[in-house]
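What follows is a single structure, written as structure tokens, with notes after it.
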Amino acid sequence: IKFDQQLDTLWTTYFGGTDFDDLEFIRELPNGNLLLAGTTSSNDGDVWYGHTYSAQEIWMVEVTTQGQIVKGKTFGGGNGSMIQDLDIGPDGMIYMAGMTNAADYDFTHPSFGFLNADVWFAKYDTAFNKQWIRVLSGNDEENMAQLKWLNPNKLAISYLTLSTNSEMLGSQALGEIDNMFHIVDSNGVDLVKKRFGTSRWDNQIKRQCDTANHLVYLCGFVDTAENDLVYMTSMNYLPQNRMDNMYVYKLDSSGNIHYVKAYGPINQGWTQDDCTLWDALFFKNHIYIIGEMRVWSWDVEQNISLGLEFVWIGKIDSNCNLVASYTVNGRGSEYPFSLFVNDNKIGCIVESVDSNNNLKCANNNYVYIMMTLDESPLGFSHTDKTSFGAKIYPNPAKNEIQIELADKWALGSTKIQVYEVNGNRIYKGTIKGNHYRINTETWPPGMYYVEKMKGSQKVIQKVIKL
């Protein structure tokens with residue numbers, strides 16, 4: 001489907017064969033045409049299938065900007081493969097990454113056994129001729145392979161590993177799943193190779209790059225903070241109730257970690273507490289992360305429908321600090337798909353499932369929503385003083401914030417404290433009456449937590465300092 005800047009459909013076309021075909025990536029080629037890449041189990045129709053075996057393979061198609069097919073190609077092995085990332089290099093070549101269970105044909109390599117998933121990286125020219133394929137073999141599973149050019153000489157690649165053999169730097173293994181990071185040249189030769197993580201499952205989902213400054217951001221989710229991960233919301237405020245939070249690593253082109261922090265909710269003791277990162281995007285010197293939530297608290301605003309899935313978007317600065325966020329709120333369940341940039345604004349695609357049938361598309365009770373957001377504070381501000389105990393304004397603030405207490409909070413005195421996102425307290429005071437002012441001129445720009453306490457009651461609200 002091709003959309004214009006107003007997100008209206010210009011044309012729709014279909015490609016594939018008689019079996020399962022999945023489109024994963026669309027990239028512009030040097031000649032202005034589009035490269036479509038994904039996986040296929042078909043061997044007919046639009047699928048150029050030149051092998052004697054039948055399995056899920058990598059499928060490439062070149063089309064014009066009007067959707068006409070120019071050429072295509074498949075490659076893979078006899079036991080099924082996936083493509084997980086694609087980038088057009090500064091040399092105009094096609095670089096791809098993925099996972100394979102095969103050890104034959106295009107993915108021939110020494111393997112540790114049947115159905116032992118390994119990651120692969122490949123270089124093809126624009127005529128779809130193979131230049132090289134490199135398969136990295138571990139004695140357990142590797143997955144989530146990603147790549148991006150930092151400069152004409154350095155290609156950043158990353159993936160997850162459960163393996164402990166020497167090729168996976170097993171002597172440096174830290175947890176059940178670790179992050180692997182390489183810098184390679186245009187021939188796939190290692191220049192840098194690092195392994196890092198926590199003692200738990202470091203679920204790396206997305207890698208983004210700041211190519212102007214040769215920096216890499218690795219994004220995922222994990223339920224503990226240790227080793228290189230120095231800050232995590234759920235452990236910083238309530239470590240006994242830790243749960244998955246979404247993390248962001250900032251690395252330089254030598255693989256050195258500059259910052260790494262994780263954000264999300266605190267476990268509320270519900271039967272299903274979810275915090276799963278789905279996508280990340282580098283835009284205007286910030287990392288935007290989007291994930292699926294089922295619980296709200298701290299970094300995550302309250303959802304209208306408690307206990308149902310919803311979508312949360314966070315905006316992270318270059319020091320890995322959370323500076324803004326937004327909850328996509330609905331009466332049913334919402335699920336994230338991806339982030340994108342349209343008309344110089346950040347946007348997202350969300351699936352909304354309305355169990356009450358308030359939203360319908362034909363005979364279905366779900367719709368796909370494309371939306372763009374303001375950059376900061378991503379549209380959120382808590383102004384309901386009945387629900388939150390106080391109205392805080394202006395939000396965002398420059399020189400001061402004013403706090404207007406609800407009636408039940410205005411009786412007697414209310415303790416107030418303000419914290420930075422790293423847990424450092426920067427203000428402490430007592431409110432008597434229903435109105436209070438705090439000077440914010442000396443506060444650095446960013447996000448802050450305003451905590452109000454009266455007896456056993458405690459309410460926390462967020463405020464942005466511009």
Kindly determine whether H109 and D118 satisfy side chain to side chain donor-acceptor pair (under 3.5 Å), including the steps that lead there. CA-CA 10 Å; H109 70 284; D118 294 320; 2.9 Å; yes

Would D106 and K130 count as a side chain to side chain contact (heavy atoms under 4.5 Å, CB included) here? Give the steps. CA-CA 9 Å; D106 296 308; K130 180 176 69 176; 3.8 Å; yes

Kindly determine whether N179 and Y247 satisfy side chain to side chain donor-acceptor pair (under 3.5 Å), including the steps that lead there. CA-CA 12 Å; N179 297 281; Y247 67 74; 3.3 Å; yes

Derivation of the side chain to side chain donor-acceptor pair (under 3.5 Å) call for D22 and Q56: CA-CA 10 Å; D22 290 320; Q56 178 176 282; over 6 Å; no

CA sep, side-chain torsions, deciding dist, call: R134, L136, side chain to side chain contact (heavy atoms under 4.5 Å, CB included): CA-CA 7 Å; R134 180 184 177 190; L136 304 179; 3.1 Å; yes

Test K194 against I183 for side chain to side chain contact (heavy atoms under 4.5 Å, CB included), laying out the working first. CA-CA 9 Å; K194 296 286 183 74; I183 296 290; over 6 Å; no

CA sep, side-chain torsions, deciding dist, call: V61, F128, side chain to side chain contact (heavy atoms under 4.5 Å, CB included): CA-CA 9 Å; V61 181; F128 294 174; 5.9 Å; no

Given side chain to side chain donor-acceptor pair (under 3.5 Å), test Q131 with N187 step by step and report yes or no. CA-CA 9 Å; Q131 305 300 299; N187 294 314; over 6 Å; no

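Closest non-hydrogen pair, D190 versus H182, comes out as OD1-ND1, 2.9 Å. Counting all heavy atoms, side chain and backbone alike, I133 lies closest to Y124 at CD1-OH, 3.9 Å. Taking each heavy atom of V216 and A156 in turn, the nearest pair found is CG2-CB, 4.0 Å. Nearest heavy-atom pair across L339 and C348 is CD2-CB, 3.9 Å.
Between D252 and H258, the side chains place a donor N or O and an acceptor N or O closer than 3.5 Å (distance only, hydrogens not considered). Between the side chains of N245 and Y263, no donor N or O sits under 3.5 Å from an acceptor N or O. S158 and Q204 share a side-chain donor-acceptor pair at under 3.5 Å.
A ring-centre distance under 6.0 Å is found for W120 and F107. You'll find the ring centres of Y217 and Y249 outside the 6.0 Å limit.
Note on D185 versus K154: no salt bridge recorded, every NZ/NE/NH1/NH2 to OD/OE distance being 4.0 Å or above.
Put simply, the side chain of D19 never gets that close to the backbone of S42: no donor and acceptor are under 3.5 Å apart.
Counting heavy-atom neighbours within 6.0 Å of K465 NZ, excluding the residue itself, gives a total above 12.
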